[in-house]
Amino acid sequence: MSTLLAASVTNNLIQAAYFIAALLFIIGLKRMSSPKGAKNGIIWAGVGMLIAGLITFLWPGMHNYSLILVAIFIGGVLAWWSGRRVPMTAMPQMVALYNGMGGGAAAAIAAQELIRGEPIALAPAILAVVGGIIGAVSFSGSLIAFAKLQGLIKKSLRYRLQQIVNSLALLSTLALGIWIIVLHGTAPMYVVIPFFALALLFGILVTLPIGGADMPVVISLYNACTGLAVAFEGFVIGNAAMIIAGMVVGAAGTLLTQLMAKAMNRSIANVLFSNFGETASGSAEGVSGSLKPIDAGDAGVMMAYANKVIIVPGYGLAVAQAQHKVWELTQLLQNRGVTVKYAIHPVAGRMPGHMNVLLAEAGVPYDLISDLEDINPEFATADVSLIIGANDVVNPDARNKKDSPIYGMPILNADKARNVIVIKRGQGRGFSGIENALFYMDNTRMLYGDGQEAVTRLIQSVKSAE
Amino acid sequence: MIDGFIALYIFMLAAFTGYEVISRVPVILHTPLMSGSNFVHGIVLVGAMVALGDARNLAEQIIGFIGVLLAAGNVVGGYVSTERMLAMFKTSQDKNKGSRA
């Protein structure tokens, strides 16, 4: 009797802790979605996680405590160590990696449930299988996304009949999944193991051909997928905290993915199946004019005597580690009475908002940074727009040239400024491989050089302009 | 414990909650928020712990071990990276009072 009572108290304690955790997650996410409360939003969510994690040790009938502790220790230390030392420029691929790990964990829960071969009811069988597929795809797909952004995989694998091969992999995964569902989870090993292997393979196959430019959308999509997989597996093992947290992330991640895809003027299906990103033919046809170089001395003087300068930073800026130099240049210009603003394209950097993180790291305050809608009308009144490491997001072809692969994509109207200065390493093309008409315009001057070194020369020039 | 339509209600309400919570987020915060939501689905750790705690043979122990290890990486990595990014916004925020939200 007393043991029964104790079990019921423990159970209620666990459920109450999960309830509090779910509540803290939602409050934390809510706070993270406004700049004011963002920094303690993660702490709220963190407290929720700690409570949920600790209380789980009280779960009745648990074994393998030492295994659990060792696994948490190894996974935790590796992630802590890597998360601490990763540079901000590499954040997107780390998010992809950590996200993939979550997907893998959800798939592992499904695998353990299904490999046991004990009969389960229809609904949990369906969700175990679906969650298993989504989790496994998210796991292997995120690893590929990580490898691509990290530069471990440089080429986008494309071959004939690719869509057919991918479809076959998906269909056979689904067929095995249905087999498992029909048998209510009692399917033999020779069905369950190929099922997971094929799901993992599908994640790899579907991610390999996607170009680097589309990776942010893919990472965001896999983030949403992992959320869903966690929610489904939460149902299978009867854990409300997993259902709620997973579903909230699934929905939020879907919304984020849509916002990103919209910013790139592409549908999610388009990103996954059209193989843009690197295939664009990018013919220079229709581009008239020539590239006109400028030296840093003249460019610096032009900016020093301007009323208003708008800086358009792209990922190239971050690669060159030039953020701090650009902020120094900004302060110099401000001291001369020049109005300086930053124009950020929604997909600048490797993820939406990534550029804001990189500029914040360099110390650039929020109020200088403007979104696309806010800044576009202002280019007409700017004396200089300074493009550093951005390319496709300032290509006027997106407005003008109907047959351009990026036609219709919202861009920053940097070309409307009186003068355009483009800092560029060489004469190569952008991430998407498309020729940029902006570079050939009459009011555009090219300042060749490494981002950091070119900006340093600009600083010298502005300093000496008295 | 959680079955049938109760689960369906939880799924639906949680989905709308997620959608609403994020819907007015400024672009500035997209990256930290993606990282933050990445941390939140680290709750899978709880399920992975229960699964490993229930593992009965070597195969299940191996799968369970991998699950807990991956989930712990998700939790800790998600927390560390989000915290680092948001900490930087703090100093910027002090420079200019008020948000752009």
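Letters go in sequence order (proteins before strands), and every chain restarts at 1.
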Tell me which donor-acceptor pairs under 3.5 Å the side chains of residues 95-102 of chain A have, and how far apart each pair is, sequence neighbours excluded?
from, atom 1, to, atom 2, distance (Å)
A:Y98, OH, A:A79, O, 3.4
A:Y98, OH, A:S82, OG, 3.0
A:Y98, OH, A:G83, N, 3.0
A:N99, OD1, A:T226, OG1, 3.0
A:N99, OD1, B:H41, NE2, 2.9
A:N99, ND2, A:S142, OG, 3.3
A:N99, ND2, A:Y222, O, 3.4

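Note: A:I74 CD1 to B:L70 CG = 11.5 Å, rounded to the nearest 0.5 Å. Taken from CE in B:M34 to NE2 in A:H354, the straight-line distance is 10.5 Å, to the nearest 0.5 Å. From A:M49, atom CE reaches atom OH of B:Y79 across 11.0 Å, with rounding to the nearest 0.5 Å. Taken to the nearest 0.5 Å, the CD1 atom of A:I68 stands 4.5 Å off from the CG atom of B:L52. One finds the CG atom of A:N239 at 11.0 Å from the CE atom of B:M49 (value rounded to the nearest 0.5 Å). Rounded to the nearest 0.5 angstrom, B:I43 CD1 and A:I244 CD1 are separated by 10.0 Å.
Using a distance-only test at 3.5 Å, with no hydrogens or angles considered, a donor-acceptor pair links the side chain of A:S33 to the main chain of B:V21. Using a distance-only test at 3.5 Å, with no hydrogens or angles considered, no donor-acceptor pair links the side chain of B:E60 to the main chain of A:Q112.
When heavy atoms are compared at a cutoff of 4.5 Å, A:L29 approaches chain B by way of both its backbone and its side chain. Neither the backbone nor the side chain of A:I344 comes within contact range of chain B; no heavy atoms are under 4.5 Å apart. In this structure, the portions of A:M32 lying under 4.5 Å from any heavy atom of chain B include both its backbone and its side chain. With a threshold of 4.5 angstrom between heavy atoms, B:V75 approaches chain A through side-chain atoms but not through N, CA, C or O. Interface residue B:L29: only side-chain heavy atoms are found under 4.5 Å from chain A. Looking at A:A123, neither its backbone nor its side chain comes within 4.5 Å of chain B, counting heavy atoms on both sides. Proximity to chain B (any heavy atom under 4.5 Å) is shown, for A:Y65, by neither the backbone nor the side chain. For a residue to count as touching a neighbouring chain, one of its non-hydrogen atoms must lie under 4.5 Å from one of that chain's; by this rule A:F73 does not touch chain B. Of the two parts of A:L54, neither the backbone nor the side chain holds a non-hydrogen atom closer than 4.5 Å to a non-hydrogen atom of chain B. Interface remark: A:I42 contributes backbone and side-chain atoms alike to the contact with chain B (heavy atom separation under 4.5 Å). Neither the backbone nor the side chain of A:V236 comes within contact range of chain B, judged by heavy atoms closer than 4.5 Å.
Ranking A:A251, A:A224, A:A105 against chain B, the residue ahead of the rest is A:A105, based on heavy-atom pairs under 4.5 Å. Interface summary for chain A: among B:R56, B:M12, B:Q61, the most heavy-atom pairs under 4.5 angstrom belong to B:R56. Put simply, of A:A52, A:A245, A:G227, A:G76, the one with the most heavy-atom pairs under 4.5 Å next to chain B is A:G76. Among A:V230, A:I55, A:T254, A:L372, the residue making the largest number of heavy-atom pairs under 4.5 Å with chain B is A:V230.
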B:E20 and A:K30: salt bridge (Lys or Arg N to Asp or Glu O under 4.0 Å), yes or no, with the steps?
CA-CA 9 Å; B:E20 278 305 310; A:K30 181 74 202 163; over 6 Å; no
Please report the C-alpha distance between A:E361 and B:R84 in whole Å, then the side-chain angles of each, then the deciding distance to 0.1 Å, and finally whether the salt bridge (Lys or Arg N to Asp or Glu O under 4.0 Å) criterion is met.
CA-CA 10 Å; A:E361 190 189 17; B:R84 270 184 69 195; 5.5 Å; no
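The aromatic rings of A:F235 and B:F11 lie tilted to each other, with the angle between the two planes from 30° to 60°.
Under 3.5 Å, the side chains of B:S37 and A:N223 contain a donor-acceptor pair of N or O atoms.
When the salt bridge (charged side-chain N to carboxylate O under 4.0 Å, His left out) test is applied to A:R31, no partner is found at least two apart in sequence or on another chain.
A heavy-atom distance below 4.5 Å is not found between the side chains of B:D54 and A:M62.
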